Protein chains: 2
Amino acid sequence: MSRNSSKLSGVLHVLLHMAEQQAPVTSEKLARIMQTNAVVIRRVMAGLRDAGYVRSEKGHGGGWSMACDPATVTLLDIYRAIGSPPLFAIGNRSDNPDCAVERAVNEALDGPLRQAEALLIDSYATVTLASLSAGFHRQLPPDYASHHRTD
Amino acid sequence: MSRNSSKLSGVLHVLLHMAEQQAPVTSEKLARIMQTNAVVIRRVMAGLRDAGYVRSEKGHGGGWSMACDPATVTLLDIYRAIGSPPLFAIGNRSDNPDCAVERAVNEALDGPLRQAEALLIDSYATVTLASLSAGFHRQLPPDYASHHRTD
DNA sequence: GACTCATGTAACCTATGATGTTACATATCT
DNA sequence: AGATATGTAACATCATAGGTTACATGAGTC
């Protein structure tokens with residue numbers, strides 16, 4: 001794992017796996033795929049459920065399933081659904097500095113940062129879950145499931 | 001302080017203050033300006049010294065002083081001198097995933113990330129310390145020192 | 001030479017955040 | 001009733017950044 005974790009990357013991974021399944025998938029199975037804990041899955045999926053992108057059902061035969069059309073949901077939608085976590089590791093030391101020097105530094109750094117943020121947001125807005133799935137099936141046509149036993 | 005700290009922002013602040021001074025400035029004074037510890041200052045300045053942008057002198061009258069022409073040193077130079085810390089808070093869960101789904105996700109996220117990185121790097125390469133100083137003097141012409149007593 | 005001031009650096013402490021884990025309540029299906 | 005799942009709080013663990021102390025070294029002052 002790289003040092004800068006990304007809920008986004010993990011959530012997308014989970015979503016694509018779910019989209020491949022007809023029946024609901026349990027947190028346990030998803031956790032096995034993601035090599036993490038079922039509670040962690042539930043935590044991170046809560047945002048998607050509240051946003052209406054997935055559905056969760058309790059009891060026998062329960063689990064997680066898609067509640068949206070992957071062709072109409074973008075990476076930006078997912079990013080927002082998980083709470084729009086910070087994109088950048090760098091930023092200003094202080095948001096409202098008394099020091100004029102610091103204000104000048106902040107201004108110089110902020111412009112590019114804002115541009116880069118807009119670029120990321122715009123890019124993610126143009127990629128749908130369906131196009132991600134397509135890209136995935138292109139590179140591995142036949143038996144996608146060979147890597148993860150989910151049962 | 002915002003949650004994502006930035007050595008870069010802090011270092012630039014220090015540099016601009018130093019550039020205003022003729023005589024060397026001690027770590028203690030810089031620490032007071034930055035509201036931190038002298039050891040932290042020395043730690044972060046070590047990279048700049050090794051890169052030759054500043055000089056440090058021991059003993060009486062010692063401290064930190066500029067060893068470069070602010071007109072020729074860019075924010076990118078400084079960024080690299082402090083070790084090119086990660087720019088982004090998001091990234092891939094895994095760099096070499098066995099899972100084809102995860103590879104597809106990574107590819108989709110990586111492109112925009114790379115573009116955004118290039119944008120930041122290019123922007124910072126066009127801003128010199130001198131232009132930062134100029135921007136600062138423009139917004140506060142007369143007595144810049146009123147905020148920070150350094151003696 | 002003794003004294004003071006300053007950096008250089010290792011070692012340690014502390015706070016924070018991300019993630020993992022346990023425990024238990026609740027809902028659903030057989 | 002019993003088995004299966006989610007929902008969630010509470011706690012444990014780990015990594016990182018930042019702060020602090022301690023002490024060695026070098027450079028001026030007297």
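Note that these values count all heavy atoms, side chains included, but never hydrogens, waters or copies made by symmetry. This is a predicted model, so every value here is computed, not measured. Residue numbering restarts at 1 for every chain, and letters A, B, ... go by the order of the sequence lines.
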Is A:L16 close to B:E102 at the side-chain level, that is, under 4.5 Å between some pair of heavy atoms? no
Between D:dA17 atom C1' and B:L8 atom CG, what is the distance in whole Å? 16 Å
What's the angle between the local helix axes at either end of the helix from C:dG1-D:dC30 to C:dT30-D:dA1, using five pairs per end and rounding to 10 degrees? 10°
Please determine which of B:L30, B:V11, B:T26, B:V25 meets the side-chain contact (heavy atoms from CB on, under 4.5 Å) test together with B:I41. B:L30
Once you round to the nearest 0.5 Å, how far does CH2 of B:W64 lie from CE of B:M45? 5.5 Å
For every nucleotide of nucleotides 6-11 of chain C, 5' to 3': is a protein heavy atom under 4.0 Å from its base (B), only from its sugar-phosphate (S), or from neither (-)? SBBBBB
Would you mind reading off the distance between B:K7 atom NZ and D:dG18 atom P, rounded to a whole angstrom? 8 Å
Between A:L132 and A:T128, is the side chain to side chain contact (heavy atoms under 4.5 Å, CB included) condition met? List the steps. CA-CA 6 Å; A:L132 258 193; A:T128 66; over 6 Å; no
Among all residues two or more places apart in sequence or in another chain, which pass the salt bridge (charged side-chain N to carboxylate O under 4.0 Å, His left out) test with A:D110? A:R114
A:I82 CD1 to C:dA18 P: how many Å, rounded? 12 Å
Would you kindly give the CD1-to-P distance between A:I41 and D:dA5, to the nearest whole Å? 15 Å
What is the distance, to the nearest angstrom, from the CG atom on A:L48 to the C1' atom on D:dG7? 16 Å
Considering all heavy atoms, the nearest A:V73-A:C68 contact: CG2-SG, 3.6 Å
To the closest 0.5 Å, what do you measure between NZ (A:K7) and CZ (A:R43)? 9.5 Å
Can you check the A:L30 CG to D:dT4 P distance for me, whole Å? 18 Å
Flag for B:D77-B:T74: side-chain donor and acceptor within less than 3.5 Å: yes
